[in-house]
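These values consider heavy atoms only, across backbone and side chains, with no hydrogens, waters or symmetry-generated copies. So you know, we letter chains A, B, ... as the sequences are listed, proteins then strands, and number each from 1. As the structure is a computational prediction, the values presented were derived from the model and not from experiment.
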Amino acid sequence: MHFPPSENEISTFRTTLLQWYQNTKRDLPWRRTRDPYAIWVSEVMLQQTRVDTVIPYYEAFMEKYPDMASLARSEPEALLKSWEGLGYYKRLQNLKKTALFLTETNDARLPSDFQSLRELPGIGDYIAAAVSSIAFHGKEAVVDGNVKRVLARLFTDPAPVNISSSHRHFLRHASLLLDPEQPGEANQALMELGAMVCTPARPSCDGCPVSFSCEALHTDNTRNYPVRQPKKIIPFYPVACAVIVNERFDILITKRPETGMLPGFWEFPGGRCEGKESGMDACIREVFEETGLKIEKPEKICTIRHAYTHFRIEMSLFICRITEKERQNLKPIEHRWIPHGELDTLAFPAANRKCMPALSAWFQAHNASP
DNA sequence: GATTCGTGGTC
DNA sequence: TGACCAAGAAT
């Protein structure tokens, strides 16, 4: 399909895609409801997150927070635990902020129009279009990663899909193809096509309902689209953390600030190795800086690797026994002493979770009761 | 407009 | 097995 497509091409495309979608769409939990709140929650969870990953989180979340009011009155610790492992935790903060705001100002209802939705915390162009079209029949086109990839191939479009300046460009194309009669279904159809057929690697062009209009396929070019701007190399940091254990085998955990990375998560104190500092030295220094405690003879129990969005780490975890006397030097920071058996009840970053098996083994070897 | 925000699956 | 990348938003 060349741009701009003719009225005839647009019409045929819409009809064919919609029919394919109605016949083959996946039975996903959020497709079984028309509750705007449920649609909203699902769209927030699906942001940069795979469907298969989201499903169990979504089911549990809707069980625990079935409506706007229950979310608005949620306990922060329990709310964070429900999101643990999903990533991008700012979206959870925005979810609750918006729930509180709407409870106060709009009878705990989501607005139905794109513009009003767009102004709410955590709702950008994509979610505003998705919620308004799926839950309220609004006529705004969604542009997500799937849609950009499909459009790039349909039109052999050279606009890089991973830079923000391309967004308006793809939005114009998506708006042109959107069926105004069934915008919610049409939006989901284009995304479903990208997720199930027009996949990043090895797209299933044989089973594609709209292959007749795909310029990339006609020119044997699908592997060259979408065009993507190369991304920068991300830095690597060695990190050391401490599991500080008292005489009763309780563990010291500290709480991260509500701003920045991993807001509100519990963690084992520690931080980056500076210069050519050894892991053990960094562990001792970081623990002292963060807690005021002077630890002795930290014992390394494991090393794990973890990749964040814009840096990678190799984290070494050290066990440190601490005396009653030294414990009095603990600074006034938000912390808890908990039995290792209770680690699962609190929210920890994935990098800490990766260390838990080694930690359990250590406690078992030392005959500590959970 | 470029960066900052997680994580796990995939190949 | 390391690089890629997924139903993006905020700053």
Side-chain angles (χ1 to χ4, degrees), chain A residues 21 25-26 28-31 39-58 80 83-95 97-98 117-131 133-134 141-150 160-171 174 184 187-196 198-202 223 226 228-236 256-265 267 304-314 347-354:
Chain A
Y21 177 67
K25 64 181 176 185
R26 289 168 289 176
L28 302 175
W30 44 90
R31 289 183 177 160
I39 306 288
W40 171 48
V41 170
S42 75
E43 294 298 351
V44 172
M45 284 190 171
L46 285 162
Q47 181 190 114
Q48 295 287 279
T49 311
R50 286 180 155 73
V51 165
D52 289 344
T53 302
V54 166
I55 289 174
Y57 284 90
Y58 173 83
L80 184 60
W83 208 272
E84 180 191 24
L86 257 189
Y88 287 142
Y89 302 96
K90 189 76 190 307
R91 56 184 171 167
L92 177 62
Q93 295 182 326
N94 284 329
L95 194 73
K97 189 184 295 183
T98 291
L117 286 164
R118 183 64 181 79
E119 293 168 8
L120 296 168
I123 297 188
D125 286 347
Y126 167 78
I127 293 181
V131 171
S133 70
I134 296 170
V142 297
V143 176
D144 73 333
N146 290 310
V147 171
K148 283 188 281 191
R149 183 173 57 257
V150 171
V161 292
N162 61 336
I163 62 176
S164 48
S165 57
S166 299
H167 181 76
R168 297 177 63 81
H169 174 77
F170 285 109
L171 180 56
N187 272 333
Q188 293 184 82
L190 207 52
M191 292 190 284
E192 186 83 350
L193 186 72
M196 304 305 291
C198 196
T199 49
R202 303 165 60 92
R223 89 185 86 60
R228 181 171 287 278
Q229 186 169 286
K231 57 180 176 185
K232 294 192 298 189
I233 298 172
I234 62 176
F236 172 85
R256 296 181 60 82
E258 297 297 334
T259 57
M261 263 191 93
L262 299 162
F265 272 79
E267 68 177 357
I304 60 96
R305 292 168 179 274
H306 191 72
Y308 295 96
T309 311
H310 52 292
F311 63 92
R312 296 177 298 124
I313 63 168
E314 182 177 88
F348 283 89
N352 285 11
R353 284 278 167 225
K354 286 182 180 176

- Message: Dot-bracket, 5' to 3', for DNA chain C please: Watson-Crick or G-U pairs under 3.5 Å, [ ] where pairs cross earlier ones, | where the partner sits on another strand, dots elsewhere.
- Response: .|||||.||||

For [N], does either OP1 or OP2 sit under 4.0 Å from a side-chain N or O belonging to [X]?
X: A:Gln48; N: C:dG8; value: yes
X: A:Arg228; N: C:dA6; value: yes
X: A:Tyr89; N: B:dT7; value: yes
X: A:Lys354; N: B:dG8; value: no
X: A:His310; N: B:dC5; value: yes

Look only at the side chain of [X] and the backbone of [Y], and say whether a donor-acceptor pair between them is shorter than 3.5 Å.
X: A:Lys354; Y: A:Ile304; value: no
X: A:Arg91; Y: A:Val44; value: yes
X: A:Ser166; Y: A:Ser164; value: no
X: A:Gln229; Y: A:Asn162; value: no
X: A:Tyr89; Y: A:Gly87; value: yes
X: A:Ser133; Y: A:Ala130; value: yes
X: A:Tyr88; Y: A:Met45; value: no

- Message: Check this for me, if you would: do A:Arg256 and A:Glu267 make a salt bridge, where the nitrogen-to-carboxylate-oxygen distance has to be below 4.0 angstrom?
- Response: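 The answer is yes: the pair qualifies as a salt bridge.
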
How would you label the contact of [X] with the nucleic acid (heavy atoms, under 4.0 Å): base, sugar-phosphate, or nothing?
X: A:Ala130; result: nothing
X: A:Arg26; result: base
X: A:Gly87; result: base
X: A:Ser165; result: nothing
X: A:Trp30; result: base
X: A:Ile163; result: nothing

- Task: Go through A:His310 and A:Tyr308 one step at a time and tell me if the ring pair (Phe, Tyr, Trp, His ring centres under 6.0 Å) criterion holds.
- Result: CA-CA 6 Å; A:His310 52 292; A:Tyr308 295 96; 7.9 Å; no

How many whole angstroms separate atom [atom1] of [X] from atom [atom2] of [N]?
X: A:Asn162; N: B:dT4; atom1: CG; atom2: P; result: 16 Å
X: A:Ile234; N: B:dT7; atom1: CD1; atom2: C1'; result: 13 Å
X: A:Lys97; N: C:dA10; atom1: NZ; atom2: P; result: 9 Å
X: A:Arg118; N: C:dG8; atom1: CZ; atom2: P; result: 14 Å
X: A:Arg256; N: B:dC5; atom1: CZ; atom2: C1'; result: 12 Å
X: A:Gln47; N: B:dG6; atom1: CD; atom2: P; result: 11 Å
X: A:Arg305; N: C:dT1; atom1: CZ; atom2: P; result: 11 Å
X: A:His306; N: B:dC5; atom1: NE2; atom2: P; result: 13 Å

Of the nucleotides [options], which one has an atom closest to the side chain of [X]?
X: A:Tyr88; options: C:dA7, C:dC4, C:dG8; value: C:dG8
X: A:Ile127; options: C:dG8, B:dG6, C:dA7; value: C:dG8
X: A:Lys232; options: C:dA7, B:dG6, B:dT3; value: B:dT3
X: A:Tyr308; options: B:dG6, C:dA6, C:dA10; value: B:dG6

- What interatomic distance, in whole Å, is found between P of C:dA7 and the corresponding atom of B:dT10?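 Here B:dT10 and C:dA7 have their P atoms 13 Å from each other.
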
- Item | C:dT11 to B:dG6 separation - P atoms, rounded to the nearest Å |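 Their P atoms lie roughly 14 Å apart.
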
- Base B:dG8 to side chain A:Thr49, donor-acceptor N/O within 3.5 Å cut-off: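 By the distance-only test, no, there is no pair.
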
How far apart are the closest heavy atoms of [X] and [Y], and which atoms are they?
X: A:Phe170; Y: A:Pro160; result: CE1-O, 4.2 Å
X: A:Arg149; Y: A:Asn146; result: NH2-OD1, 2.7 Å
X: A:Glu258; Y: A:Gly264; result: OE2-CA, 3.6 Å
X: A:Ala129; Y: A:Asn187; result: O-ND2, 4.3 Å

- Task: Give a yes-or-no answer on whether the side chains of A:Tyr126 and A:Glu43 include a donor-acceptor pair shorter than 3.5 Å.
- Result: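 Looking only at side-chain atoms, A:Glu43 and A:Tyr126 do form a donor-acceptor pair, the distance falling under 3.5 Å.
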
Considering only nitrogen or oxygen atoms on both sides, find all protein atoms under 3.5 Å from nucleotides 9-11 of chain B and state each distance.
none

- Mapping A:Gly194 and A:Leu120 to their closest nucleotides on DNA chain C, which lands nearer the 5' end?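 Going by which nucleotide is closer to the 5' end, it is A:Gly194.
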
- With nearest nucleotides of DNA chain C determined for A:Leu28 and A:Ser164 from heavy-atom distances, which residue corresponds to the more 5′ nucleotide?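 Checking each residue's closest nucleotide, the 5'-ward one belongs to A:Leu28.
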
- Query: For DNA chain B, which residues in residues 141-148 of chain A have a heavy atom at a distance below 4.0 Å?
  - Reply: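 Nothing qualifies; none.
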
- Query: Taking the nucleotide of DNA chain B with the closest heavy atom to each, which residue, A:Gln229 or A:Pro349, is nearer the 5' end?
  - Reply: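 Counting from the 5' end, the first nearest nucleotide belongs to A:Gln229.
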
